[in-house]
Amino acid sequence: MNRINVAEAKARLSHYLAKVGEGETVLICRRNVPIAELRPIRAPLRQPRPVGTDRGMTIPDSFFEPLPDDLLDAFEGRGRAG
């Protein structure tokens with residue numbers, strides 16, 4: 001990791017951006033106290049993530065059946081006080 005001061009960052013920003021483009025991280029300091037970090041951003045996903053199930057996971061048909069009345073009452077605050 002490169003550690004530089006603000007003045008050097010101002011003077012050589014394009015140089016340090018090139019380093020970041022190569023995968024390096026640059027720590028910017030003011031009076032030797034880190035204040036910022038330049039680092040590469042994650043590459044965007046090339047394909048959208050599948051929505052829903054995990055690899056190999058199946059959802060049973062019962063998942064889509066209505067909940068029992070006592071459970072619905074509990075969710076809606078009409079259940080027994082505990």
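What you are looking at is a predicted structure, and each value in this text was computed from that prediction instead of being measured.
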Would Leu38 and Asn2 count as a side-chain contact (heavy atoms from CB on, under 4.5 Å) here? Give the steps. CA-CA 10 Å; Leu38 287 177; Asn2 292 306; over 6 Å; no
So, taking the atom named [atom1] in [X] and the one named [atom2] in [Y], what distance separates them when rounded to the nearest 0.5 Å?
| X | Y | atom1 | atom2 | answer |
| --- | --- | --- | --- | --- |
| Leu17 | Glu24 | CG | CD | 12.0 Å |
| Phe64 | Ile59 | CZ | CD1 | 5.0 Å |
| Phe63 | Thr58 | CZ | OG1 | 12.0 Å |

Partners of Ser14 by side-chain contact (heavy atoms from CB on, under 4.5 Å), sequence neighbours excluded? none
Checking Glu37 now: which residues fulfil side-chain contact (heavy atoms from CB on, under 4.5 Å) with it, not counting sequence neighbours? Met1, Thr25, Leu27, Arg39
For the pair Arg78 (side chain) and Leu72 (backbone), establish whether a donor and an acceptor sit closer than 3.5 Å, ignoring hydrogens and angles. no
Is it the case that the side chains of Tyr16 and Glu8 hold a donor-acceptor pair, with the cut-off being a distance below 3.5 Å and no angle test? yes
Tightest non-hydrogen contact, residues Arg3 and Asn32, listed as NH2-O, 3.0 Å
I'd like to check Ile28 versus Asn5 (side-chain heavy atoms, cut-off strictly below 4.5 Å). Are they in contact? no
